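For clarity, every value in this text was computed on a predicted model and none was experimentally measured. By convention in this document, chain letters (A, B, ...) are assigned in the order of the sequence lines, proteins followed by strands, and residues within each chain are numbered from 1.
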4 protein chains.
Amino acid sequence: MTTPATSKAQRGRPRDPRIQQSILQATREMLDEVGYSRLTIEGVAARAGAGKATVYRWWSTKGELVLEAVADHIAIGVVSDTGDTRGDLLIATQQLIETFSDRLAGIVIFAAIANLDDDPNMARIFRETAVMPWRQSAVEAIQRGIDRGDLPADTDIVFTLDVIVGTVFQRTLVVAQPQTEGLSRSIIDLLIASS
Amino acid sequence: MTTPATSKAQRGRPRDPRIQQSILQATREMLDEVGYSRLTIEGVAARAGAGKATVYRWWSTKGELVLEAVADHIAIGVVSDTGDTRGDLLIATQQLIETFSDRLAGIVIFAAIANLDDDPNMARIFRETAVMPWRQSAVEAIQRGIDRGDLPADTDIVFTLDVIVGTVFQRTLVVAQPQTEGLSRSIIDLLIASS
Amino acid sequence: MTTPATSKAQRGRPRDPRIQQSILQATREMLDEVGYSRLTIEGVAARAGAGKATVYRWWSTKGELVLEAVADHIAIGVVSDTGDTRGDLLIATQQLIETFSDRLAGIVIFAAIANLDDDPNMARIFRETAVMPWRQSAVEAIQRGIDRGDLPADTDIVFTLDVIVGTVFQRTLVVAQPQTEGLSRSIIDLLIASS
Amino acid sequence: MTTPATSKAQRGRPRDPRIQQSILQATREMLDEVGYSRLTIEGVAARAGAGKATVYRWWSTKGELVLEAVADHIAIGVVSDTGDTRGDLLIATQQLIETFSDRLAGIVIFAAIANLDDDPNMARIFRETAVMPWRQSAVEAIQRGIDRGDLPADTDIVFTLDVIVGTVFQRTLVVAQPQTEGLSRSIIDLLIASS
DNA sequence: ACTTAAGCGAGACGGTACGTCTCGTCTTAAC
DNA sequence: GTTAAGACGAGACGTACCGTCTCGCTTAAGT
């Protein structure tokens, strides 16, 4: 959320974009240094040289603030049609791994999932802004694979995506092992009977 | 943890097990009603009719308290050898799904993940007491499958488990869809070339 | 103490004087109802409808809070020069009796004494703000008496004051008898050879 | 109080006097080290190697415990008839000063007076056991002085004693100056027109 | 010698208040 | 009319003692 509840006709002193930027920058720094749960609005405001109320005016929850601060990090690259089903899915998976492996993105994705029931709004925003575009493009890539006959006609697309996302999440964030070299290949090999 | 550091020969008034039970029961109720992050030691003590110090005497952190309270819910059933590789893995996966689908278990698993950096002890206990026994038995089931020739000799056991755990986690906790009917079958079909 | 350590140029929201007053009022009420030792900061805050932190922000100890709350009660009236030595000392003694007979003042004076080692600051503030002005004016009254020849030239001023204060303390607070009618006259008769 | 409420025919294990002594000794040590208000029953029991319940069994309040622990220190010596009114009163006053100057006695007398309204029992015991014998003997000494004609027939005995006690209290405990050399002489000079 | 009741240490227990912390809101003066 | 500063109510934190209450062990007196 970037606008306050009441956004009337512009009157008085306009909002200072430099302040917004310094708040987002401070958020990123604190995320990096202390993680999500130990990040406090109070701390962010202090580091940004801003008042607490200013932060609350533009972001009503910690989740929203953090998501906007790392928006660039968590946007997952979409897949385009290269004509090669296997290649498309490999790229889609690698995009996912890349994003999940980004330090700040990892922290925030973890937080979004872990606080699902506490702060459902955070997960919703994450899903809508970061996940859905990728997911849509991945759905299309799989559909193209089915259309081409590279994948069985009865392929369960949702399940397929959940295998990809779940496995990548498990390997990159839960187990957190850096050597994810052959990960995308392994996953895709599993999904497309490699010959 | 249920015992103070030094549990020597019985001295002084012994711990009252009814109080322990009422604290753990109150913990479960509050977890169910308000979730992990809104659960407070103070609230648990009040509901259990106990003093705060009594709670702190036996559980030094919220994580330890909650894990012991839901120990039965989060223990994942282990797999035994039925002689049937496919059947063993199906059961292993279903055990996982069953545990992940339990409401209290889900809350605590999310909490363990969310507080990884705050309270690494919590994740450690969860892993050691709930996950590892299952994981060990699953590793053995896969190994038996390899030995029998039901699975390729070069099967990556760790990867295989991460696919199972990741996919189940994604489906049961992240997407949280109740109809997990064919989920275990779908996963195992993927891992064992179904004939 | 009524101001935090650093009271720079006014920045931020200023202290709300109504809250200060309600806290001091609540303090007086609790002092009256339960005495000093059973008065709790928590109770004062609750009765004043204030947060505990607000009380602690302005008064770092119970002693400071209580002393400020009863400042008017414990301030002992000073003596001015009426030209009559005996009259001046009578008035000085009566001022003392009057203050020591005040219910709230008595409670706080006892508390200041009781907590001399715990909270030496409390006794210091009491002495400096309530006792010293009176004592100084009494010293001057005695000195004038000496100068006028109404009192012996070798009068021990400090001793004289200790007789007055000690006797008044003993009668009004320790023995706590209400009929202190002739007390000041008796004391002054002792100190000035009545003719 | 040194005996439990019901002291029937002796049955069971008798009270161990060594434990009583070690508790009283620990009480004295803690009084000396931390004063009255910071002395805790818990701390005394721990230092004495005793259980808390043992302390509570014999002394129901902190005041009673402390008074018994320093009983020897706070007993004020009584005055006997030497035939010399002035001498008797000087001795009576010096006895008072001596007791008030004792470190442990001072701490406890202070506490007894300061906690008058909190723990009236403590003051009562102090008065009855320590003060009254002295006071009675002092009353008699003054009465003898009146009978002999050394003091005016209309001498207010109670007031006279309050001047002595109040002044000594003020000088030895409130102002706490060690040089109380001529104090008794100064007080008695005031009360008996010295010639 | 055996029984038995109290003394005793240890320490668990329900409470209460401590002083600190962070939350999200509210209120000024400054710009 | 937005901002920085920071006061405010709220309420949880983890700790310290309170005074009470079991426990199992010890110690004599009375059998």
Starting at atom CD of B:Q21, determine the distance to atom C1' of E:dA12, rounded to an integer number of angstrom.
16 Å

When you match D:I23 and B:S22 each to their closest nucleotide on DNA chain E, which lands nearer the 5' end?
D:I23

To the nearest 0.5 Å, how far apart are CG in D:N115 and CZ in D:F110?
11.0 Å

Please report, rounded to the nearest Å, how far the C1' atom of F:dC8 is from the CH2 atom of C:W58.
11 Å

Between CZ of C:R15 and P of E:dA29 the distance, given in whole Å, is 17 Å

What heavy-atom pair brings C:A69 and C:R28 nearest, and what distance separates the two atoms?
O-NH1, 2.7 Å

Whole angstrom value for the distance that separates C1' of E:dA29 from CG of C:D16
16 Å

How close do D:A112 and D:A123 get, counting heavy atoms only, and between which atoms?
O-CB, 3.9 Å

What is the distance, rounded to the nearest whole Å, between atom CZ of B:R13 and atom C1' of F:dC23?
9 Å

Interatomic distance, C:R18 CZ vs E:dC26 P [rounded to whole Å]:
14 Å

If a pair satisfies salt bridge (charged side-chain N to carboxylate O under 4.0 Å, His left out) and one of its residues is in residues 105-119 of chain D, list it, with sequence neighbours excluded.
C:R38-D:D118

Tell me the closest heavy-atom pair linking B:M122 and B:A111, and the distance in Å.
CE-CB, 3.9 Å

To the nearest Å, give me how far apart CH2 (B:W59) and C1' (E:dC13) are.
13 Å

Atom-pair distance (OH on C:Y56; P on E:dG19), nearest Å:
3 Å

Among residues 36-52 of chain D, which contact DNA chain E at a heavy-atom distance under 4.0 Å?
D:G49, D:A50, D:G51

Phosphate OP1/OP2 of F:dT3 contacted by A:R57 side-chain N/O (<4.0 Å)
yes

Nearest nucleotide by nearest heavy atom, which residue falls closer to the 5' end of DNA chain E, B:A53 or C:A53?
B:A53

Closest non-hydrogen atom pair between B:Y36 and B:K62, with its separation
O-NZ, 2.9 Å

Can you name the nearest heavy-atom pair linking B:V34 to B:L39, along with the distance?
CG2-N, 3.9 Å

With a cut-off of less than 4.0 Å, is there a side-chain N or O of B:T54 near OP1 or OP2 of E:dA12?
no

